[in-house]
Engineer: 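Structure below; questions to follow.
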Amino acid sequence: MSDTSLTVGFRDVDAAALDNILRCLEHIPAMDAGRAYKARALELLGLTPGSAALDVACGLGDDVARMKAVCARAVGVDRSRELIDRARARHPGCEFAVADADALPFADETFGAVRVDRSLQHVADPARVVREMARVARRGAVVLCAEPDWGTFLIGGRHTPVTERIQHDWVRTFRNPWVGRELSDLLAEAGVGDRRQEAVWLPTRGFAESDLLFEIDANARRLSAELPDALAWLDAYRRGEATAGVLMLTCWGRKT
Ligand SMILES: C[S@@+](CC[C@H](N)C(=O)[O-])C[C@H]1O[C@@H](n2cnc3c(N)ncnc32)[C@H](O)[C@@H]1O
């Protein structure tokens, strides 16, 4: 795991190299599958012209702007000051605050909908964050989590022991790689009922895209210190279709 790894960087963006983080944040919503699961999540929030909505760990704030287009008040919080400054500059009509997801700076039962997207995978205590989300949601409000489950991560091409190690090493860079499958339990424990779940496959194709999202080059080079075959594997992968992908799970329910 290098200091510049995306997955480590997302835990504390203000201390990380920003370039890859920004490219990743911009790229996922531009993918067909990224656009699809985000559009579906927005629909599931059930926002109305009078409602107030919160996006926890909002990054650049683009989802906050999409919420604001269909509700009265849209708020985004993130622990990164750098990302919140950028969100404010991109979306002047929305509210943003620097805050940790495990201590949300809002009174109980403030929002008619609360969401988190691809961030529980990075936090120290996902159960605490989901409890906070439920706390600031009104009774009957939708609480929604969209997260990958890295137990479903695959790298295309012929499967070899090197592929297996590269998959394994990448998955283990996450704090909470299997949080996708845990979402329903986390919501239940936080007092969110009537839960449903959907999944969307998030595929990459071609070396540039797969490497941008899954850091395959850096992982293979690091592994080559232990398994010299990793460099030949990387060369073959780069010259092939270079596909990869992960399942994105969206789980939502209503605060009881
Ligand atoms: C993969 S990005 C997702 C951003 C955004 N939700 C999106 O869909 O583009 C993860 C975000 O979680 C934020 N983050 C990580 N740990 C956090 C924490 N403890 N509290 C608040 N935000 C956190 C990061 O700063 C980053 O913006």
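Counting starts at 1 for both ligands and their atoms, following the listed order. Excluded from the calculations below are hydrogen atoms, water molecules and symmetry mates; all remaining heavy atoms, backbone and side chain alike, are included.
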Engineer: Out of T7, D125, D100, who gets a non-hydrogen atom closest to atom 19 (N) of ligand 1?
Structural biologist: D100
Engineer: Can you tell me if A124 contacts ligand 1 (heavy atom of the residue under 4.0 Å from the ligand)?
Structural biologist: no
Engineer: For ligand 1, is any non-hydrogen atom under 4.0 Å from D63's backbone (N, CA, C, O), its side chain (CB onward), both, or neither?
Structural biologist: side chain
Engineer: Roughly how far apart are E82 CD and I84 CD1, rounded to 0.5 Å?
Structural biologist: 11.0 Å
Engineer: Given the rule that I, L, V, M, F, W and Y join up when any side-chain heavy atoms are under 4.5 Å apart, are Y37 and L144 in one cluster?
Structural biologist: no
Engineer: Do any nitrogen or oxygen atoms of Q121 lie less than 3.5 angstrom from nitrogen or oxygen atoms of ligand 1?
Structural biologist: no
Engineer: Taking 4.0 Å as the limit for heavy-atom contacts, which would you say applies to D117 with ligand 1: side chain only, backbone only, both, or neither?
Structural biologist: both
Engineer: What residue and atom, counting heavy atoms only, is the protein's closest point to atom 20 (N) of ligand 1, and at what distance?
Structural biologist: A101 N, 2.9 Å
Engineer: Between S119 and ligand 1, does any nitrogen or oxygen pair lie at a separation below 3.5 Å?
Structural biologist: yes
Engineer: Counting only heavy atoms closer than 4.0 Å, does ligand 1 sit against the backbone of A99, its side chain, both, or neither?
Structural biologist: backbone
Engineer: Heavy-atom distances under 4.0 Å decide this one: backbone, side chain, both or neither, for C24 against ligand 1?
Structural biologist: neither
Engineer: For the atom pair CZ (R254) and CZ (R139), what is the distance rounded to the nearest 0.5 Å?
Structural biologist: 14.5 Å
Engineer: Is R238 salt-bridged to D211, cutoff N-O under 4.0 Å?
Structural biologist: no
Engineer: Test of understanding: clusters of I, L, V, M, F, W, Y form through side-chain heavy atoms closer than 4.5 Å, transitively. Do L186 and W150 belong to the same one?
Structural biologist: no
Engineer: Could you pull out, from D102, V98, D78, V116, the option with a heavy atom nearest to atom 27 (O) of ligand 1?
Structural biologist: D78
Engineer: Going by the order shown, which atoms of ligand 1 are within less than 4.0 Å of some heavy atom of K38?
Structural biologist: 7 (C), 8 (O)
Engineer: Side-chain contact test, heavy atoms from C-beta onward, threshold under 4.5 Å: evaluate it for L22 versus L83 and give yes or no.
Structural biologist: yes
Engineer: At under 4.0 Å between heavy atoms, is it the side chain or the backbone of L83 that contacts ligand 1, or both, or neither?
Structural biologist: side chain
Engineer: Ignoring angles and geometry beyond distance, decide whether V123 reaches within less than 3.5 Å of ligand 1 through its nitrogen or oxygen atoms.
Structural biologist: no
Engineer: Taking heavy atoms and a distance under 4.0 Å, where does L25 meet ligand 1: side chain, backbone, both or neither?
Structural biologist: side chain
Engineer: If hydrophobic clusters are built by linking Ile, Leu, Val, Met, Phe, Trp and Tyr wherever their side-chain heavy atoms come under 4.5 Å apart, do V171 and W201 end up in the same one?
Structural biologist: no
Engineer: Thinking salt bridges, do E26 and R86 make one under a 4.0 Å N-O criterion?
Structural biologist: no
Engineer: How far is atom 5 (C) of ligand 1 from its nearest protein heavy atom, and which residue and atom is that?
Structural biologist: A57 O, 3.5 Å
Engineer: Can you find an N or O of R79 that's nearer than 3.5 Å to an N or O of ligand 1?
Structural biologist: yes
Engineer: Can you find an N/O atom of S80 closer than 3.5 Å to an N/O atom of ligand 1?
Structural biologist: no
Engineer: Any chance you could measure L45, atom CG, to F111, atom CZ, to the nearest 0.5 Å?
Structural biologist: 12.5 Å
Engineer: W170 vs F174 aromatic rings, parallel, tilted or perpendicular, using cut-offs 30° and 60°?
Structural biologist: perpendicular
